[in-house]
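Each chain gets a letter, A, B and so on, in the order its sequence line appears, and its residues count up from 1.
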Number of protein chains: 2
Amino acid sequence: MSATPAELEGVLPEGRILSDPGVLASYAHDEAERAPYTLPAAVARPQCTEEVAALVSWCAAHGVPVVARGAGTGLSGGANAVEGCVVVSFEAMNAVLRIDPEERLTIVQPGVINDHLSEVCAEHGLWYPPDPASSPWSTIGGNVATNAGGLCCVKYGVTRDYVLGLEAVVGTGEVVRLGRRSAKGVAGYDLTGLMVGSEGTLGLITEITLRLRGPRPMERTVVGYFPDASTAGRAVAAIAAAGVVPSALELVDRFCLEAVDARKQMGLAAAGDVLLLARCDAPGAAGDEEAATVLASFNAAGATWSARSSDQAEADALFTARRLVYPALERLGQVLTEDVCVPRMKVPDMLACIEGIARRHEVRIAGLAHAGDGNLHPVIVVPYGDDAARARGHVALECVIDKALALGGTVTGEHGVGLLKRRGLAAELSPQALALHRAVKNALDTTGIFNPGKVFL
Amino acid sequence: MSATPAELEGVLPEGRILSDPGVLASYAHDEAERAPYTLPAAVARPQCTEEVAALVSWCAAHGVPVVARGAGTGLSGGANAVEGCVVVSFEAMNAVLRIDPEERLTIVQPGVINDHLSEVCAEHGLWYPPDPASSPWSTIGGNVATNAGGLCCVKYGVTRDYVLGLEAVVGTGEVVRLGRRSAKGVAGYDLTGLMVGSEGTLGLITEITLRLRGPRPMERTVVGYFPDASTAGRAVAAIAAAGVVPSALELVDRFCLEAVDARKQMGLAAAGDVLLLARCDAPGAAGDEEAATVLASFNAAGATWSARSSDQAEADALFTARRLVYPALERLGQVLTEDVCVPRMKVPDMLACIEGIARRHEVRIAGLAHAGDGNLHPVIVVPYGDDAARARGHVALECVIDKALALGGTVTGEHGVGLLKRRGLAAELSPQALALHRAVKNALDTTGIFNPGKVFL
């Protein structure tokens, strides 16, 4: 079924429904380059939970698909519009409803921008760790829907680790509260955790209660340059073997560094081929020891240059540069991004395999990784309009997925399945596990309206 | 339907089925004093996943209920036998299958004892934090089924935070692998997290992959005695307000202390009325600062005596004494244990309410709590055979549950719903949220054989 904007305008207060074709186009897809999409029938911008409930009730009654959308920064097509759907944008539901320093929790609407929440938390001496590279733009609702990770997740966990409870509109159009506000609780199934990472396929999340931490600790930054990705990978494995859990451990290769240099003239690529950026945040002498161990691991693995940064501004600039890699690469061509995660000690193997895959398929694969938790983001950049290179890139990325599975990893570390990883998910899960997924989906999304065709068929 | 031992003996290899009435009685219930149970039709002790699968297939085909059992140390009746059921004891599946110091994970069978796993981990310089008071006896399978907490969970999280993946036999009798081995992963729904804490109602867990931490840090112990529970509660709130997250913060009152003294002659009750035991484990000077803040919070709240312990053996003895409270109380009478969790800052209110409830219902309620995370375990001990006191105790505990909900808490912090908290769960969840639970249960337990009647009806 499909909705018409005129029908939807009767469901919500005036001004909530957008139907201008140009506007629809800007809500039609996320940032996944190669995922299919269509124009939505309409875009709805509800302003409160009751409006979301009214919309879902109407869509359920009429069999109209509903696609939730945060900021559209997703990288797997999860927010892409499907035939006849209403895209529900949460941009107007963007309030931090409560912040409680003593209980260390916050209650937010889904449209709150990740960095904005971090700023509000910092004003209260609190910290919300999950920090996807998209944090200046992406929303907490989108982060929750995809169980987003980020840089400091290697030590502090991913979005699911911070979601205590939530409010959602489910398939009946009813509003449901799940989870809790207390530190612990085992009352019933973990339906909160089930909703986190379900990519809009089980309901629409309208409010989120997040656990917070105390103030972000002081961090020491250790920098190392390596002659190639495999050598850097050995340094990552050595740090894990030494028992150090850094608060960030990022890998950025020359391709990425040059792209950032082209935008920001930082001279990053002048110093070496593959950069590892580590942070250590244990308090006091323990943190200094961690930093020393990381530095020693860098050198033992074969760093061509390494140092503990003594300049906080310089260190921050390096991490800002890391966040600029995607936009910088996009200026060079079409970006095909991968997101596999392998056991930490397999990082060197995986990086070596990626180098081989790049050679075999005649594509250049930029190296970018949350290396400390084995979450690799190899990026293929193909010249705009070069269909042959693009086709080779797609094949290469499928090879990367297969190799990650062969090494005991997963097809998606933090970007989600969306449309791009459906084949990978089916390869990772057994038919029996996939059947359980379908059973859960059918049980909660009884009319099949929530983001149909995403994650699995 | 019901099974006969003779029928079951044909399903599994010889020696797996127990049917002696005395033996059946010892597998008929857990340690929840007031939960109903019956004799099981049989007890099965499978030795491998394939045997579990064969058993579940047979039970599904014949509509025979299956009740999973670890060590039977549960406190909510979750493992209690139901009419015609087969109790599946995992005591013969007790191997630590793998321990991987570099990836910091272990793969275990469900029957492994918690303390045994801790010992094995320690030999490899690793640490599995979840430490329920039952850790000398309870199994990892039972811990996972109930999402067990413990003393150090205030800082290090509960069982679910450590379960990376698992193998389970589901309603079809099929064996399913869920989750992952990598540090991160968002491939599909979090069915692993859904199984954790599902109390045997969604399937039987046959193997568990657990995340581990590096070696347990050195801890400083701070001890404070208070004139009453409410004053101690204010100290707990003050520590939270000061931003300190201790690695344990336990409350034990005179009733409990005297019970332990009666067994161990430690003189614990001589020093004061309500004991708070705190541990701080940040490295180096940071940990010393934490301990100083805890000590200052104790004193500011009104401690009658307080000290940072300088004797590690003495400090360990205090925590051992804390673990002995349940068995010590059981020698004094029938123990009715509660398990509510409230927001941390509500601990003083909740403790004051419990004192009022004890007075109104003329019962003595022993104070025992993982106070740092707001998880209170008020314990009523009634003389054996005093049915009137027991009846008053039951009413008092229902009042405690209602008060916890009124303060924004939950009816069960870590013991699970089982049979005892079904009313509380229904009071905590909305009808819509309960409907979602039923939908998930029906979707995964298609023949309704898994622990029927537990958690919700």
Any idea which of [options] has the most non-hydrogen atom pairs under 4.5 angstrom with chain A?
options: B:Gly287, B:Ala286, B:Ala433; value: B:Ala433
options: B:Val175, B:Asp373, B:Val244; value: B:Asp373
options: B:Thr446, B:Leu425, B:Thr192; value: B:Leu425
options: B:Gly413, B:Ala183, B:Ala285; value: B:Gly413

Check for a donor-acceptor pair, side chain of [X] on one end and backbone N or O of [Y] on the other, with a separation under 3.5 Å.
X: A:Arg104; Y: B:Gly243; value: yes
X: A:Glu103; Y: B:Arg344; value: yes
X: B:Arg181; Y: A:Gly408; value: no

Could you tell me if the side chain of A:Val440 sits less than 4.5 Å from the side chain of B:Leu444, heavy atoms only?
yes
Heavy-atom check, side chain of A:Lys184 versus side chain of B:Val158, under 4.5 Å
yes
Counting only non-hydrogen atoms closer than 4.5 Å, does [X] touch chain B with its backbone (N, CA, C, O), its side chain (CB onward), both, or neither?
X: A:Pro101; answer: neither
X: A:Val342; answer: backbone
X: A:Ala187; answer: both
X: A:Glu414; answer: both
X: A:Arg438; answer: neither
X: A:Thr146; answer: backbone
X: A:Glu428; answer: side chain
X: A:His370; answer: side chain
X: A:Asn147; answer: both
X: A:Leu436; answer: both

Is it true that atom NZ of B:Lys403 has more than 12 heavy atoms of other residues, nucleotides or ligands lying nearer than 6.0 Å?
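Check fails, neighbour count at 12 or below.
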Under 4.5 Å from any heavy atom of chain A, what part of B:Val245 do you find: side chain, backbone, both or neither?
side chain
According to the interplanar angle, ranging from 0 to 90°, do the rings of B:His437 and A:Tyr189 count as parallel (below 30°), tilted (30 to 60°) or perpendicular (above 60°)?
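Because their plane-to-plane angle is under 30°, the rings of B:His437 and A:Tyr189 count as parallel.
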